[in-house]
Amino acid sequence: MILQTWLLPIALLVTATIIAMPLSRYLAWVMNGKYRPLPVAGWLEKCLDSGPQNWKQYTGSLLVFNVVLFVFGYLVLSVQPWMPLNPDGKGMLFPSTIFHSVISFMTNTNLQHYAGDVNLSNFSQIFFCIYNMFLSASVGFCALVAMIRAFRGEASLGNYFVDMWRVVIYMFIPAALIFGTIFLSQGSPMTFESSYQVSTLEPAAMGTTDKGEVKKQTIVVGPVAALESIKMLGTNGGGFFGMNSAHPFENPTGLSNFFVTLAMMIFPFALVFMYGRMLGRPRHAWVIFSVMLLLMAGTVVWAICFDTLQPNPALTAHPIAQTYEIPNAKAPGGKQEVTIPAVASLPVDQHLGNLEGKEMRFGTSAGATFNALTTDVTCGAVNAEMDSLNPLAALSPMVGMWLNCIFGGKGVGMINMLLYVIIGIFIAGQMVGRTPEYLGRKIGAREVKLAVIALLVHPMMVLMPTGLFAALDWGLKAVSNPGAHGFTQMLFQFSSASANNGAAFDGLGVTYGFANNLAPSPEAIPWDIATGLIMIFSRYLPIIAPIAMAAFLGAKKASPIGLGTLRDDTPTFGFLVLGTVLIIGALLFLPVAVLGPMAEHFGPIPFGG
Amino acid sequence: MLRYFSKSILLLLFSVIICCIIYPLVLWAIGKTVFPFQADGSLLKGPDGTVVGSKLIAQPFTKDEYFQPRPSSPSYDASASASSSLAPSNYTLRDRVARVLGPIVKYRGGEKAGQLVAPDVEQWFSKDVYGGEPHIVAQWAGQHNSLAQAWVGADPKNGAYVDDWAKNNPALVDQWIKDNPTTPKPKTADLAVVFFTDFSNKNPGRFPSAVTKTDADGKEVTAIEPVKEGSDIQSIFFEMWRHEHPEADLQDVPGDLVTASASGLDPHITMQNALFQLDRVAAKWAANLHRNPDTVRKEIEQMLQQNASAPFNGLAGEPFVNVLEINLELCKRYGNPS
């Protein structure tokens, strides 16, 4: 049991670290332009090259291309009913859902207010989902590389279009082909058919239609393997099917689950080493890597301890009656006592932990492990239902989104961590009374301001809308679970949007569906628009401000290392960064953590009824 | 900016060709040539050669001759995968599990060891006392309004039964409207709690359930009637019975038998779950084939062992079996179930 629980997460962390080291060498080699381009690709690359760019030109190009991505995505989804590869005649999504989905995929979030198997044709899956998965992942990657070049003090940050091309052609396409083939071998479909109708072995068990005929089972298939591999490698996370990597076609076996999980880890891991390699500071990168790995291991252990090693409290005994005082204006003294009687256990063997919302084929701790990792690396795919996790276990994925720097998504997580590093150095500098320096360059007021702006966007975009929606019907009518868990559902959705993550508590009613849907979720439109806007702000501000900061910092003269220099390649520095991340993170998010998952854990279970 | 715009369009064009046309076609070609079975969706054929489903997608089984898959939130609809999304603190989860347990749970110890709990639940129900107060059904509806309302919507016959009741009891409906001035025209479900309270008063120890009878013309007719036993009572009221009998020593049921999977389409059950169902399956086949139950049981157990696999050969998880494969094998070996 101990082995069965812990082998998988340990194997994943070790394998990803081992793969990341040679991979980072390759990434640095490609991004430094040392490769010899393939014949046709080299010509295409020349067509794209618009010459060396400074930071304003680079971010300008980034923004222009994202506008083009937005228009293209909106177009593809809008014309779905008239496009090929749509034999089931899937209609058009509701406009606010298209708006939301386009932003969601363009910003590498992949928060889905639709279900892929229900709402999208294979044409949309390929030209919208797969396309955005390749390109949006590359955007964050390029931003990090631009920042590195700025730190190196180079006048030119490279060329945005060439960088995008390099990332797509020399990294994602080969990796996606390798992983796609693995998933295919395990059982992910790869076909341009869209569904089969089959009579099941016991046909009557499917039930009957309104006309009294025996129902057939409709099995949706499609180019699943192609989507699955780039979905995980690009830490995108938007599933082909509604239930994402929990669906047997997206993740058919225990072995495929290992590779699905590994796929989302290798690039975020490698980027940290690439950072050290491109800057010529591998020891500094190792310190940052260790901090991230420690935090990641913490979230995984937490999730496993409270989900795999604990039973689902819905079915266990709560033998002591609890009495609560709640405010009630009508009661004498303004307070009313509510007593929750003792609860008897149900006779269920829960030695495998909480099995509600878990699949059997992945392994004992696979669900908890995956759901912790998926938010650490801002992937957002799930292989177990987040909503049904034990209350405290659900804290783990939320911490991953709140800190948003435990490896994080393609480039962006590393950028966030660098912001924490800058702020950590700044705080340390204040404490010892020295001018703070990073990479030998003095950190001035302008750099710290930009870093703080970039860092504060995230908590503002999580906490303010959660408060707003919790106070309005927008939130209250959308939640599907009572009490504190309902609050957690809202909090999780906004955390996921702002962290550009894309994981969700699926019970939240945010789906409008097709434009002609007569019974959409009542509050789907405000959710579409609010999370859509949040994803934009939380994506582009934390990309642009750090590049600007790096450019300003890189332009300064590097001073030699002296006795009083704060060394950035020591364990002490690691603890400084770790402390900064934990203290800032806890200060920002502890109150909502108490209101949501902790209140659910300590409160009566079952709650209401 | 115009220059960047034209470069963006070029990048879009090149990358669409590579990511959306060449890349999927290469993988498709690999699938067609190297992994044709997987690429098409792992479809399995039945004894008569027609496709009966996918090896990877759960499908429902209700007959006792078959092993049954885990509960499914989308009712095994493989075009709309979904989990239950029920939080541990949501009473609906506890209720759903209790309803599965009621008819199958057995005593573990005591003088009734090995016997079903269900008859005791029915006997307790017919006494119609819960927590020292009369009328179990009224208390159930009062404590769990949403479950009472869900019952009304669960079947058109239930709704019609409540509508009939509302027509015959205008005074109670008027009283409800007076108590709830914001809803002048209550829907059927709104009246669920009043209905059950009244029903419980008039039919102590009874619950409205569907009963199928053969009428004078020989046709089968299903209607709602007050009953004092049956699967509705065993399942719906097991939770309340358990509440009053927390000390009863019951056999644990495998966790995956009562919990819904994440996709709703999990094709596997644990070996533990399969062995739990083995008695029922073997007994039924033995009766169908007029064979010795022990030999049949051994044969089927061997089939289970052959089908079983485990994540990383058991290093990362416990053994499980594929429900469709094992049921197909039962069919091939023993013929179609009666």
Side-chain angles (χ1 to χ4, degrees), chain A residues 4 7-8 44 50 61 64-65 68 118 126-127 131 134 161 180-181 184-185 187 189-190 198 200-202 205 217-221 223 226 241-243 246-248 252 254 312-314 344 347-350 355-357 359-361 363-364 384-385 387 481 485 506-507 600 605-607 609, chain B residues 4-5 7-8 10-12 14-15 19-20 24 27-28 30-31 35 38-39 41-42 51-54 56-57 59-62 78-81 83 85 87-91 93-94 97 105 144 242-243 246 250 252-256 258-259 261-263 265-268 311 315-317 320:
Chain A
Q4 285 176 354
L7 180 75
L8 182 68
L44 294 175
S50 61
S61 311
V64 169
F65 181 69
V68 171
V118 180
I126 295 173
F127 283 83
Y131 182 68
F134 274 106
F161 301 104
T181 310
L184 242 174
S185 76
M190 184 63 216
V198 297
T200 56
L201 190 55
E202 187 193 335
Q217 191 178 34
T218 306
I219 298 178
V220 171
V221 289
F241 298 94
M243 269 323 291
H247 194 288
N312 188 321
V348 178
D349 176 354
Q350 297 205 62
L355 288 183
E356 179 68 19
E359 304 272 314
M360 295 321 305
R361 63 192 173 281
T364 309
E385 175 52 60
D387 229 341
N481 284 302
H485 193 91
D506 290 321
E600 188 188 2
I605 293 179
F607 183 90
Chain B
Y4 295 154
F5 182 71
K7 293 288 180 192
S8 295
L10 266 187
L11 179 59
L12 180 86
F14 295 167
S15 49
C19 303
C20 304
L27 266 185
W28 176 79
I30 295 174
F35 308 109
Q38 290 95 322
S42 309
V51 171
V52 291
S54 168
L56 293 169
I57 302 292
Q59 51 180 262
F61 289 97
T62 52
S79 62
S81 65
S83 67
S85 298
S89 59
N90 193 336
Y91 181 76
L93 175 61
R94 190 178 165 84
V97 171
V105 167
H144 309 298
R242 179 64 174 161
H243 192 77
L250 306 178
D252 279 349
V253 166
D256 64 314
V258 293
T259 50
S261 64
S263 61
L265 302 169
D266 188 351
H268 299 112
L315 288 175
F320 53 78

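Residues B:Ile57 and A:His247 come closest through the heavy atom pair CD1-CE1, 3.7 Å. Looking at every heavy atom in both residues, B:Thr62 comes nearest to A:Glu202 through OG1-OE2, 2.5 Å. The two residues B:Ala87 and A:Glu600 come nearest to each other via the heavy atoms CB-OE2, 3.7 Å. Minimum interatomic distance between B:Ser79 and A:Val118 (heavy atoms only, all atoms of both residues): O-CG2, 3.5 Å. Minimum interatomic distance between B:Asp252 and A:Val348 (heavy atoms only, all atoms of both residues): OD1-N, 3.6 Å.
Your options are A:Pro223, A:Ser61, A:Gly242, A:Gly507, and the one with the most heavy-atom pairs under 4.5 Å with chain B is A:Ser61. Residue with the most contacts toward chain A among B:Pro311, B:Pro246, B:Pro88, B:Pro254: B:Pro88 (heavy-atom pairs, distance under 4.5 Å). Of the listed residues (A:Pro252, A:Ala384, A:Pro313, A:Ala314), the greatest number of heavy-atom pairs within a distance under 4.5 Å of chain B belongs to A:Ala314. With chain B as the partner, the residue from A:Thr364, A:Asp506, A:Ile605, A:Leu7 showing the most heavy-atom pairs under 4.5 Å is A:Thr364. Interface remark: of the candidates A:Gly363, A:Gly180, A:Ala205, A:Ala205 forms the most heavy-atom pairs closer than 4.5 Å to chain B. When each of A:Ser185, A:Gly254, A:Ala246 is checked for heavy-atom pairs under 4.5 Å with chain B, A:Ser185 comes out on top. Each of B:Gly255, B:Cys20, B:Gly31 has some count of heavy-atom pairs under 4.5 Å with chain A, and the biggest count is that of B:Cys20.
The contact between A:Gln217 and chain B is made entirely by side chain atoms (from C-beta outward), counting heavy-atom distances below 4.5 Å. Only the side chain of B:Ser42 comes within less than 4.5 Å of a heavy atom of chain A; its backbone N, CA, C and O stay farther away. Interface remark: A:Leu201 contributes backbone and side-chain atoms alike to the contact with chain B (heavy atom separation under 4.5 Å). Heavy atoms of B:Val105 lying under 4.5 Å from chain A belong exclusively to its side chain. At a 4.5 Å heavy-atom cutoff, the contact between B:Pro24 and chain A is made by backbone and side-chain atoms alike. Contact of B:Phe320 with chain A is made through the side chain alone, with heavy-atom distances under 4.5 Å. Interface remark: A:Phe127 contributes backbone and side-chain atoms alike to the contact with chain B (heavy atom separation under 4.5 Å).
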Assess the residue pair A:Phe161 and B:Tyr4 against the criterion (side chain to side chain contact (heavy atoms under 4.5 Å, CB included)); give the C-alpha distance rounded to whole Å, side-chain angles, the decisive distance to 0.1 Å, and a yes or no.
CA-CA 9 Å; A:Phe161 301 104; B:Tyr4 295 154; 3.9 Å; yes
A:His485/B:Asn90 under side chain to side chain contact (heavy atoms under 4.5 Å, CB included): CA gap, chis, key distance, verdict:
CA-CA 8 Å; A:His485 193 91; B:Asn90 193 336; over 6 Å; no
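Distance CG/A:Asn312 to CG/B:Leu93: 5.5 Å, rounded to 0.5 Å. The distance from atom CG of A:Leu184 to atom CZ of B:Phe35, rounded to the nearest 0.5 Å, is 6.5 Å. Interatomic distance, B:Ser85 OG to A:Glu385 CD, rounded to the nearest 0.5 Å: 4.0 Å. The CD1 atom of A:Ile219 sits 9.5 Å away from the CG atom of B:Leu56 when rounded to the nearest 0.5 Å. With rounding to the nearest 0.5 angstrom, the OH atom of A:Tyr131 is 4.0 Å from the CG atom of B:Leu12.
Counting only distance, with no hydrogens or angles, the side chain of B:Ser81 and the backbone of A:Met243 share a donor-acceptor pair below 3.5 Å. Checked by atom type and distance alone, the side chain of B:Asp266 pairs as donor or acceptor with a backbone atom of A:Met360 at under 3.5 Å. Judged by distance alone, with hydrogens and angles left aside, the side-chain atoms of A:Glu359 form a donor-acceptor pair with the main-chain N or O of B:Ser263 at under 3.5 Å.
Side-chain contact between B:Val253 and A:Pro347: absent, with no pair of heavy atoms (C-beta onward) separated by less than 4.5 Å. The closest side-chain heavy-atom distance from A:Thr181 to B:Leu27 is below 4.5 Å. Within the 4.5 Å cutoff, the side chain of A:Pro248 has no heavy atoms near those of the B:His268 side chain.
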